[in-house]
Amino acid sequence: MNIDRLVAIDVHTHVEQDGHGCFSLDQELMDASAQYFRADQDRTPTVAAIAEHYRERNMAAVVFTVDAASGTGHPALSSEEILDGAAEFPDVLIPFGSVDPHAGKAAVTRIRALVERGARGFKFHPSLQAFEPNDPRYYPLYEAIAEAGVPALFHTGQTGIGAGLPGGHGIKLRYSAPMLLDDVAADFPDLTIVMAHPSVPWQDEAISIATHKANVFIDLSGWRPKYFPPQLVRAANTMLRTKVLFGSDFPVITPDRWLADFADLEIKDDVRPLILKDNAVRVLGLG
């Protein structure tokens with residue numbers, strides 16, 4: 001990967017379809033999230049399609065799925081297949097793995113196997129996976145990730161998955177409160193944690209944690225920048241200038257759509273390259 005050639009690194013994109021035509025979510029959740037994000041583009045791009053999309057834009061992208069088989073009852077896409085697919089596009093794709101937190105020791109074993117296979121980090125979605133990330137029963141997962149020296153990316157705040165459905169399709173938002181990750185960050189100081197999204201309605205918590213914990217960062221995916229909470233914009237411009245990362249949440253929000261809004265955001269000129277690429281280079285160990 002030629003870092004100098006890249007104009008940006010998108011740290012948050014989803015693989016929604018595998019090579020066999022299977023989808024990451026059931027149809028009801030897929031339709032609800034598309035409506036929530038008002039997404040009219042291809043909702044289920046493959047690894048190859050994502051690679052082409054980002055190569056055309058001289059960008060790199062972190063790609064992953066979420067293994068929420070226990071939380072949703074829907075079969076997960078294969079992280080192994082995603083890793084193997086991303087290996088064909090090393091100039092633009094940075095693959096993350098995902099494991100079911102409820103799998104216990106098997107999940108720990110799989111984390112190590114996925115790292116050997118090329119995983120550059122791991123994605124968790126506490127609400128979708130139905131787990132409290134600060135429960136000690138899940139600490140062996142973080143021990144394995146910390147030992148591998150790769151980051152853990154956690155969904156935080158409200159989720160568009162299940163939005164507008166009766167009972168939110170059973171998905172509980174409280175699992176994604178950022179303060180639960182403060183425990184994890186304190187107990188695993190060698191674990192790099194990225195809190196995904198503006199953490200509405202807990203934005204101030206996320207800013208506080210990222211300010212207090214050297215090993216915690218924030219990605220800006222899942223919201224168009226014109227809707228960012230004002231305190232997040234202020235923090236990104238000042239005390240968190242080296243701790244916020246560009247992320248789109250592709251395919252529900254495209255990088256083009258996100259960057260068009262970002263161009264109009266009141267971000268200092270010397271901070272923009274940090275957010276778009278430089279901070280991610282450091283967090284992902286690409287330097």
Side-chain angles (χ1 to χ4, degrees), residues 1-3 6 9-25 44-55 59-71 74-125 128-129 131 133 138-155 188 190-194 196 219 245 247 250-251 280-287:
M1 182 174 290
N2 186 339
I3 302 300
L6 299 175
I9 298 174
D10 187 338
V11 302
H12 198 116
T13 76
H14 291 262
V15 179
E16 302 282 24
Q17 181 180 181
D18 66 13
H20 312 286
C22 298
F23 298 134
S24 61
L25 299 170
T44 56
T46 61
V47 169
I50 295 172
E52 181 61 25
H53 190 87
Y54 281 85
R55 184 180 287 129
M59 299 180 193
V62 171
V63 292
F64 48 70
T65 188
V66 178
D67 189 337
S70 293
H74 184 78
L77 299 186
S78 168
S79 283
E80 289 81 0
E81 182 177 315
I82 291 172
L83 294 175
D84 292 348
E88 298 180 20
F89 309 99
D91 58 319
V92 290
L93 296 186
I94 304 158
F96 275 26
S98 182
V99 298
D100 187 339
H102 301 282
K105 292 181 179 179
V108 175
T109 300
R110 191 170 180 223
I111 284 172
R112 295 188 174 119
L114 289 171
V115 169
E116 291 182 2
R117 198 160 183 151
R120 302 294 297 272
F122 287 86
K123 170 63 189 290
F124 295 95
H125 194 310
L128 195 61
Q129 293 174 308
F131 81 107
Y138 306 114
Y139 275 25
L141 304 178
Y142 312 142
E143 290 173 0
I145 297 172
E147 288 172 3
V150 298
L153 174 66
F154 289 85
H155 173 94
F188 294 92
D190 294 329
L191 175 65
T192 297
I193 294 172
V194 180
D219 90 31
L245 315 168
F250 184 78
V281 169
R282 189 174 73 259
V283 170
L284 297 171
L286 300 176

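Positions are given from 1 along the sequence.
Between Tyr54 and Phe89, the distance separating the two ring centers is not shorter than 6.0 angstrom. Checked against a 6.0 Å centroid threshold, the rings of Phe64 and His14 count as neighbours.
For Phe154, the ring pair (Phe, Tyr, Trp, His ring centres under 6.0 Å) partners two or more places apart in sequence, or in a different chain, are Phe124, Tyr142. Residues satisfying the side-chain contact (heavy atoms from CB on, under 4.5 Å) test with Ala68, not counting sequence neighbours, are Val66, Thr72, Leu128, Gln129. By the side-chain contact (heavy atoms from CB on, under 4.5 Å) test, Asp84 pairs with Arg117, sequence neighbours left out. Listed by chain and residue number, nothing satisfies the side-chain contact (heavy atoms from CB on, under 4.5 Å) test with Ala87 (two or more places apart in sequence, or in another chain). Remark: His125 engages His155 in a ring pair (Phe, Tyr, Trp, His ring centres under 6.0 Å) (not counting sequence neighbours). Listed by chain and residue number, nothing satisfies the ring pair (Phe, Tyr, Trp, His ring centres under 6.0 Å) test with Phe96 (two or more places apart in sequence, or in another chain).
Between the CD1 atom in Ile9 and the CD1 atom in Ile3 there is a gap of 5.0 Å [rounded to 0.5 Å]. From Leu245, atom CG reaches atom CZ of Arg282 across 8.0 Å, with rounding to the nearest 0.5 Å.
Residue pairs meeting the salt bridge (Lys or Arg N to Asp or Glu O under 4.0 Å) criterion with at least one member in residues 100-112, sequence neighbours excluded: Asp67-Arg110, Glu80-Arg110, Arg112-Glu147.
Between the side chain of Ser79 and the backbone N or O of Ser98, at least one donor-acceptor pair lies under 3.5 Å.
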